[in-house]
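A quick write-up on the structure given underneath.
Computed from a predicted structure; not experimentally measured. Labels below follow one simple rule: chain letters A, B, ... track the order of the sequence lines, proteins then strands, and each chain is numbered from 1.
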Amino acid sequence: MQNEEDEEAELEVLAEFSHPVPWQKIEAQGLDLDYALLFSKEEADALFKQLEEEVMYSTGEEAKVQVFGKLHNIPRRQATYGDAGLRYTYSGRTHLACTWTPTLEYIRDAVTNATGHTFNFVLINRYRDGEDHIGEHRDDEKELDPVCPIASVSLGAARDFVLRHRDARGKRGARRLEPVKLQLAHGSLLLMNPPTNTFWYHSLPVRKKVRLPRINLTFRRILLISRGEEPANVWSL
DNA sequence: GTGGCTCACTTTCG
DNA sequence: GCGAAAGTGAGCCA
């Protein structure tokens, strides 16, 4: 009897977030992605609005990066939230994660419900319009749990997302591997499964025609460091 | 000491 | 005008 009640309670919890998620699998050499629409338009609209009110983005020196000897403002806004005490470094600067907000916890739990994975950290990138962007990079830091995918939730304007194999980059790519291009929609979830981030770089290029903002949340699981004080290095997409 | 890697802006080309 | 690609260096790390 008790077991039946437990099962019922568990089903209620699951139902809170359960959406019929029709996953789309995207595969190439060393690349393994799952893409789905996680939130309805109405729910995504509401979440976007709440995040606009709740999220506190980095300012000042934390929002700058040195590239080729010159200091630039990063072409987007960034914030980090997560379990207490988690830290990360960005271009030589260490940041402390803010504690979860109710909206971030809701989205995190929805992602967990849809994927079966748990996350202790989220990097938030806000792209004001199509001029804001991020260059090619990988999220392959050793502090990330190697078996846990990185889950990317998109809210707001749809933006192109481009992946390129590491051997196809540079003046003359060693191998002819076509880039993989996706459009990340409002309310969508993209899972980057291992070993994608070992072999593939990803970027969010400039798109002049995009006039509206986009908020991207990349949920990760950072391994807790038992000794030493090395911070985790975390990027984005 | 050395080599690999990283970041965004500017310029060039199609 | 737009998008893609190349060229640009200081700092960090193994």
Side-chain angles (χ1 to χ4, degrees), chain A residues 26 28 30-31 57-80 86-97 121-146 150 152 154 157-185 192 194-218 220 222-223 225-237:
Chain A
I26 301 152
L31 178 138
Y57 293 93
S58 299
T59 56
E61 291 303 303
E62 288 193 346
K64 293 183 188 295
V65 64
Q66 186 171 322
V67 182
F68 283 91
K70 292 183 182 176
L71 207 58
H72 303 282
N73 290 320
I74 59 170
R76 62 194 168 276
R77 301 183 75 193
Q78 288 190 319
T80 54
L86 283 180
R87 302 186 305 164
Y88 82 113
T89 58
Y90 176 86
S91 293
R93 291 188 176 88
T94 301
H95 307 251
L96 189 67
F121 185 89
V122 63
L123 175 67
I124 305 172
N125 278 282
R126 185 181 189 276
Y127 302 89
R128 290 159 284 201
D129 55 32
E131 299 277 359
D132 274 1
H133 61 279
I134 189 164
E136 276 189 344
H137 66 281
R138 292 180 296 173
D139 295 324
D140 66 339
E141 292 74 22
K142 60 182 181 297
E143 291 84 0
L144 295 176
D145 188 330
I150 292 173
S152 167
S154 296
R159 289 289 294 267
D160 288 346
F161 180 65
V162 181
L163 297 113
R164 275 209 301 173
H165 195 283
R166 68 180 184 188
D167 294 345
R169 303 169 73 234
K171 197 169 179 179
R172 53 177 94 171
R175 298 165 66 188
R176 286 194 178 179
L177 286 159
E178 290 300 310
V180 173
K181 299 181 183 182
L182 307 170
Q183 192 173 61
L184 303 178
M192 290 194 283
T196 303
N197 267 304
T198 303
F199 300 109
W200 292 76
Y201 285 70
H202 55 265
S203 66
L204 196 86
V206 169
R207 287 294 179 263
K208 304 274 187 184
K209 290 172 186 171
V210 175
R211 307 277 182 193
L212 298 173
R214 167 180 184 257
I215 297 175
N216 178 72
L217 304 98
T218 47
R220 305 135 190 278
I222 293 177
L223 296 171
I225 299 164
S226 56
R227 59 184 171 82
E229 291 297 322
E230 313 104 273
N233 296 298
V234 177
W235 279 92
S236 64
L237 53 84

- Query: Any idea which of C:dA10, B:dA8, B:dT6 is nearest the A:H72 side chain?
  - Reply: B:dA8
- Item | Non-hydrogen side-chain atoms of A:L223 and A:E143 separated by less than 4.5 Å | no
- Among the candidates B:dC5, B:dC9, C:dA5, find the nucleotide nearest to the side-chain atoms of A:H133. B:dC9
- Message: Quick check against the 3.5 Å criterion: does A:S58 have a side-chain atom that pairs as donor or acceptor with the backbone of A:Q78?
- Response: yes
- Note on the structure: Minimal heavy-atom distance between A:V162 and A:P179, with the atoms involved, is CG1-CB, 4.2 Å
- Heavy-atom pair of closest approach, residues A:E136 and A:Y201: C-CD2, 4.1 Å
- Query: For C:dA5, does OP1 or OP2 lie under 4.0 Å from any side-chain N or O of A:R169?
  - Reply: no
- Note on the structure: In whole angstroms, the gap separating C1' of C:dA10 from CZ of A:F68 amounts to 9 Å
- Message: Could you tell me how far apart A:E143 (CD) and C:dC12 (C1') are, to the nearest whole angstrom?
- Response: 13 Å
- Message: What is the distance, to the nearest angstrom, from the CG atom on A:L204 to the P atom on B:dA8?
- Response: 11 Å
- Find the distance A:D139:CG to B:dC5:P and express it as a whole number of Å. 17 Å
- Nearest-Å distance, NZ (A:K64) to P (B:dC9)? 12 Å
- Quick one: which of C:dA5, B:dC5, B:dC9 gets closest to the side chain of A:R164? C:dA5
- Note on the structure: A:K70 NZ to C:dG7 P, in whole Å, measures 17 Å
- Taking the side chain as every heavy atom from C-beta outward, state whether A:L182 and A:I26 have any atom pair closer than 4.5 Å. yes
- Query: In terms of side-chain heavy atoms of A:H137, which of B:dA8, B:dC7, B:dC5 is nearest?
  - Reply: B:dC7
- Can you find a heavy atom in the side chain of A:R159 that is under 4.5 Å from one in the side chain of A:S154? no
- Message: What I'd like to find out is whether the side chain of A:R138 reaches to under 4.5 Å of the side chain of A:W200, using heavy atoms alone.
- Response: no
Between protein and nucleotides 2-4 of chain C, what N or O pairs are separated by less than 3.5 Å?
unit_1: C:dG3; atom_1: OP2; unit_2: A:K208; atom_2: N; d: 3.4
unit_1: C:dA4; atom_1: OP1; unit_2: A:K181; atom_2: NZ; d: 3.3
unit_1: C:dA4; atom_1: OP2; unit_2: A:R207; atom_2: NH1; d: 3.2
unit_1: C:dA4; atom_1: OP2; unit_2: A:R207; atom_2: NH2; d: 3.3

- Query: If you look at every strand shown and take non-hydrogen atoms under 4.0 Å, does A:D132 touch a base, only sugar-phosphate, or nothing?
  - Reply: nothing
- note: A:Q66, atom CD; B:dC5, atom C1'; distance rounded to Å ~ 15 Å
- Query: Whole Å only: how far is the CG atom of A:L71 from the P atom of B:dC7?
  - Reply: 15 Å
